[in-house]
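As structure tokens, the structure follows; a few thoughts come after it.
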Number of protein chains: 2
Amino acid sequence: MEKQIINRLREVVGDENIRTTTAELYAYSTDAGIHRSMPDAVLRPKNTEEVAGVVKLANELLFPVVPRGAGTALCGHSVPVAAGVVMDLQRMNTIKELHIEDLYVVVEPGVVHKDLNAKLKEYGFFIPGPSSGNVANIGGMVATNASGGNAVKYGATRDYVLGMEVVLPTGEIARFGSRTLKNSAGYQLEKLMCGMEGTLGVITEVNLRITPLPEATAVAVAVFHTLEDAGRCVSNIIAYPVIPSGLELMSRVCIEAVNKAVCLGLPDEEAILLIEVDGSSNDVKDQIEKVTEICNESGSISVDFTCDAERKEELWRGRKAMIPALSKYHDDLVTVMLADDMAVPMSKVPEAVKAFQAISDKYDIIIASYGHSGDGNLHTKVLMDPTRKSHWDQAEKAV
Amino acid sequence: MEKQIINRLREVVGDENIRTTTAELYAYSTDAGIHRSMPDAVLRPKNTEEVAGVVKLANELLFPVVPRGAGTALCGHSVPVAAGVVMDLQRMNTIKELHIEDLYVVVEPGVVHKDLNAKLKEYGFFIPGPSSGNVANIGGMVATNASGGNAVKYGATRDYVLGMEVVLPTGEIARFGSRTLKNSAGYQLEKLMCGMEGTLGVITEVNLRITPLPEATAVAVAVFHTLEDAGRCVSNIIAYPVIPSGLELMSRVCIEAVNKAVCLGLPDEEAILLIEVDGSSNDVKDQIEKVTEICNESGSISVDFTCDAERKEELWRGRKAMIPALSKYHDDLVTVMLADDMAVPMSKVPEAVKAFQAISDKYDIIIASYGHSGDGNLHTKVLMDPTRKSHWDQAEKAV
């Protein structure tokens with residue numbers, strides 16, 4: 001990137017908010033996945049006008065701009081594959097307005113999901129989000145239509161977006177959607193923006209719907225002889241119908257990895273389901289009864305519900321630590337995201353996990369299967385020694 | 001429209017599925033609102049290929065095509081303002097696939113909402129919809145992003161659309177979205193299509209998410225001295241938070257009209273709220289208690305919950321009969337939709353209904369206010385003698 005462009009960018013965001021040293025560029029060359037490409041510069045704008053200024057300049061001088069939140073994604077969303085500028089939006093982290101009785105909030109894109117929920121908790125509300133919510137930013141969640149363990153009951157980020165401010169590729173500042181739950185006027189462009197990954201503009205403000213925190217929750221560990229049994233139980237729960245607020249599948253490798261990393265004491269078996277139900281206290285009681293019955297009928301070895309706050313927290317912390325835990329599973333192996341994030345109809349979960357196992361056997365490679373099975377969202381992580389060519393070869397065949 | 005075009009259309013849909021007599025064109029010149037414009041022809045295609053054939057022809061010969069479901073909308077969505085062809089999709093009314101355990105169905109656009117729900121009820125599921133659901137078609141619901149009384153809890157039609165088949169303006173057949181609850185791959189074009197009112201294409205098949213029927217419901221009539229009090233109670237319920245499955249506001253004119261038309265025996269007061277709660281039996285009990293307390297604290301004259309199936313049905317039938325009932329309110333007056341369908345944040349409901357009243361007084365005109373106040377969706381119907389110029393003048397000023 002020419003010195004002249006850098007100088008013009010400096011004028012827009014200020015000297016202290018542009019970085020060009022190799023170390024800093026390296027830090028912004030990847031997300032939480034395996035893709036990597038160096039940007040020419042990193043900018044940290046502090047408001048919509050600065051974002052618009054950068055985009056206008058990019059439009060005039062024709063350099064790529066890649067907006068970025070916390071960079072927690074695993075699929076390379078924020079990796080600057082054609083170099084250019086990475087625009088880090090984490091300084092725009094103000095919760096601008098709380099409209100509790102109107103069920104919405106207005107936030108800047110750099111607000112951390114956990115921080116927003118901490119604020120909303122004071123009023124008895126929350127917004128569902130991905131497993132990386134402790135660090136993930138709202139802007140990134142919207143731009144990738146993030147969703148996590150509770151999506152089967154609560155939906156994905158797109159289901160919470162009421163409106164937004166977007167800097168279009170021309171640098172123009174546009175507003176889409178509204179501040180009302182009801183809105184059917186004109187095209188639902190705010191929904192189109194969910195999952196566009198920065199390709200249609202840079203999100204600089206979001207109006208998000210909020211939802212009441214459940215009065216009670218309970219979490220069960222259900223243990224199975226085979227992954228397929230666990231998958232079949234997922235289908236049976238949904239079809240009953242019970243819609244749990246979480247329904248996580250973990251294969252043996254995952255169980256062992258999590259036990260090792262965070263001493264969770266999960267049973268040493270082929271598969272477990274982590275099942276969370278929520279609602280009013282009475283409602284939770286009813287659901288515990290139903291889920292226990294369905295697990296038993298689906299051939300579970302055991303199913304154990306807990307309402308203990310500490311144990312629930314511990315189980316979810318274990319689940320959320322899955323990715324780092326897998327990398328500690330074996331001294332010589334690391335987790336590589338090659339075919340990571342896929343979705344199937346829930347009834348196909350048993351078939352899918354069976355196929356993962358067969359592929360793992362065929363190519364003699366360790367595949368860790370887990371996922372938000374409640375909405376058919378499955379992950380497969382390949383565990384391999386990245387210095388060995390044979391591992392890469394086998395992994396690629398497996399993919 | 002030239003005879004030659006009509007003949008080419010005849011080739012696409014068959015002789016018996018094209019209508020050009022004045023009486024038939026007249027029937028298709030309006031929806032349930034006040035706008036009217038005559039088409040040149042009405043077509044009734046029976047499958048996607050015929051729809052594509054018509055659109056290709058339109059693209060070649062440059063005549064307008066207006067797709068249409070049951071025509072229950074009040075805003076002129078399906079009125080052929082530039083003449084051309086109205087394409088009635090009601091013959092495409094097959095429920096093609098039921099995937100209960102995967103929580104979705106595949107339907108043609110002409111399926112009636114009520115019929116789909118009757119089928120889903122057998123499995124313990126439903127899809128929420130508008131008050132006109134007894135006749136409204138799924139295609140129209142998607143194309144207008146329809147929503148009704150239970151949207152505050154269950155969302156609008158867009159929240160149920162997973163994917164669709166659309167005939168684009170070129171006649172090309174496209175598929176958007178997926179069959180899975182989880183989907184963040186590519187642009188969410190299926191969401192953009194929700195509410196596009198036929199301007200971006202003709203919807204020929206839809207994948208819709210389904211949701212479990214609640215175990216129990218209860219309905220209350222809460223009575224208030226003023227519309228504003230009732231509006232304030234709406235805010236208080238939402239902020240508590242209790243998210244009812246229905247929260248309908250009715251002003252005096254509406255109460256009288258409904259009482260007269262369907263003998264509902266509603267109390268003779270300024271305002272009532274119709275409040276529905278649903279969930280597990282225990283959950284419903286808890287909500288009844290909370291809502292009763294909030295109504296009392298919000299100054300309600302009385303609040304009366306019923307779990308009686310017949311009475312609940314009767315109350316909702318009364319609410320759904322609102323529009324015809326208003327036209328029977330007075331022998332010389334009819335309901336005219338001039339500024340009908342609006343949305344405000346819920347906390348602004350009291351202010352909005354107060355303003356409607358002030359406008360009504362100022363212009364000496366009867367305005368019936370009601371609406372799905374739970375998500376801030378309000379309706380105002382002007383009651384007037386359409387033969388009197390003074391009524392039109394006053395009504396226009398009021399608008």
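Just so it is clear, the values below take in all heavy atoms, side chains as well, and ignore hydrogens, waters and symmetry mates. Sequence lines set the chain letters: A, B, ... in the order given, protein chains first and strands last, and positions in each chain run from 1.
No donor-acceptor distance shorter than 3.5 angstrom exists from the side chain of A/Thr180 to the backbone of B/Ala343, with no hydrogens or angles considered. A donor-acceptor contact shorter than 3.5 Å links the side chain of A/Ser184 to the backbone of B/Asn145. Without hydrogens or angle criteria, A/Asp283 side chain to B/Asp283 main chain gives no donor-acceptor distance under 3.5 Å. No donor-acceptor pair closer than 3.5 Å links the side chain of A/Asn377 to the backbone N or O of B/Lys182. Listed for the A/Asp375 side chain is no donor-acceptor partner under 3.5 Å among the backbone atoms of B/Leu181.
Here the NZ atom belonging to A/Lys348 is positioned 10.0 Å from the CZ atom belonging to B/Arg179, to the nearest 0.5 angstrom. With rounding to the nearest 0.5 Å, the separation of OG in A/Ser280 from NZ in B/Lys285 is 11.0 Å. A/Lys191 contributes atom NZ, which lies 5.5 Å from atom CG of B/Asp159 (distance to the nearest 0.5 angstrom). Atoms NE2 and CE, on B/His99 and A/Met346 in that order, are 11.5 Å from each other to the nearest 0.5 Å. In this structure, B/Glu197 CD and A/Tyr187 OH are separated by 8.5 Å, a value rounded to the nearest 0.5 Å.
The environment of A/Lys290 atom NZ is dense: over 12 non-hydrogen atoms of other residues, nucleotides or ligands sit within 6.0 angstrom. Applying the 6.0 Å contact sphere to CD of B/Glu289 captures no more than 12 heavy atoms from other residues, nucleotides or ligands.
Heavy atoms of B/Arg209 lying under 4.5 Å from chain A are absent altogether. Only the side chain of B/Phe125 comes within contact range of chain A, with at least one heavy atom under 4.5 Å from a heavy atom of that chain. For chain B, the nearby part of A/Ile243 is the side chain; its heavy atoms alone come within less than 4.5 Å. Interface remark: B/Thr144 contributes backbone atoms only to the contact with chain A (heavy atom separation under 4.5 Å). If you measure heavy-atom distances from A/Val344 to chain B, the contacts under 4.5 Å come from the backbone alone. At a 4.5 Å heavy-atom cutoff, A/Gln287 makes no contact with chain B through either its backbone or its side chain.
The candidate from A/Asn282, A/Ile238, A/Asp102 with the greatest count of non-hydrogen atom pairs under 4.5 Å with chain B is A/Asp102. For chain A, the option among B/Ala151, B/Gly374, B/Pro345 with the highest count of heavy-atom pairs below 4.5 Å is B/Pro345. The greatest number of non-hydrogen atom pairs below 4.5 Å with chain A, out of B/Asn183, B/Ile100, B/Leu189, B/Val242, is found for B/Asn183. Contact count versus chain A (heavy atoms, under 4.5 Å) is highest, among B/Ala146, B/Pro241, B/Ala239, for B/Pro241.
Counting heavy atoms from C-beta on, the side chains of A/Leu192 and B/Gln188 never come closer than 4.5 Å.
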